[in-house]
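Taking it in order: structure first as structure tokens, then the write-up.
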Amino acid sequence: MSSRTCSRRQTTRVTRTTGGYQPLLLQGLFQGSKEAMADCYAHSYFNDWTLSDGVTESAYGYICGDSERRAIRDWAASMNAPLG
């Protein structure tokens, strides 16, 4: 690989972090559970209230409320995480 190619390439460094989710849990959102938060993220990502395809149910079964969905959207936007 030439130095010319390397200088043009943009790289993103990923560091090991927690994603800043703890303050949300400490506020009492998602029942204080990162698994419930993950379910809420998935619900928000798919813009659906269930993680079922009619045959298979996935996740922990937690359904987040409107305030938690707003918190997930704000949290995801702060990290440029994709949402549906």
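The structure displayed is predicted, hence computed values, not measured ones.
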(request) Flag the pair I72 / F30 as yes when at least one side-chain heavy-atom distance between them is below 4.5 Å, and no otherwise. (result) yes
(message) For a 4.5 angstrom cut-off between non-hydrogen side-chain atoms, does Y41 reach W75?
(response) yes
(message) Measuring only between side-chain heavy atoms, which start at C-beta, is L83 closer than 4.5 Å to R73?
(response) yes
(message) How long is the straight-line distance from CG of L29 back to OG of S67, given to the nearest 0.5 Å?
(response) 6.0 Å
(request) Output the distance between atom CG (D74) and atom CZ (R69), rounded to the nearest 0.5 Å. (result) 14.0 Å
(message) Suppose we screen for side chain to side chain contact (heavy atoms under 4.5 Å, CB included). Which residues come up paired with S78, at least two apart in sequence or across chains?
(response) none
(request) Of all the heavy-atom pairs spanning S33 and L25, show the shortest one and how long it is. (result) O-CD2, 3.7 Å
(request) Mind checking the CD-SG spacing from E35 to C40? Nearest 0.5 Å is all I need. (result) 13.5 Å
(request) Measure the CD-NZ distance between Q22 and K34 for me, rounded to the nearest 0.5 Å. (result) 8.5 Å
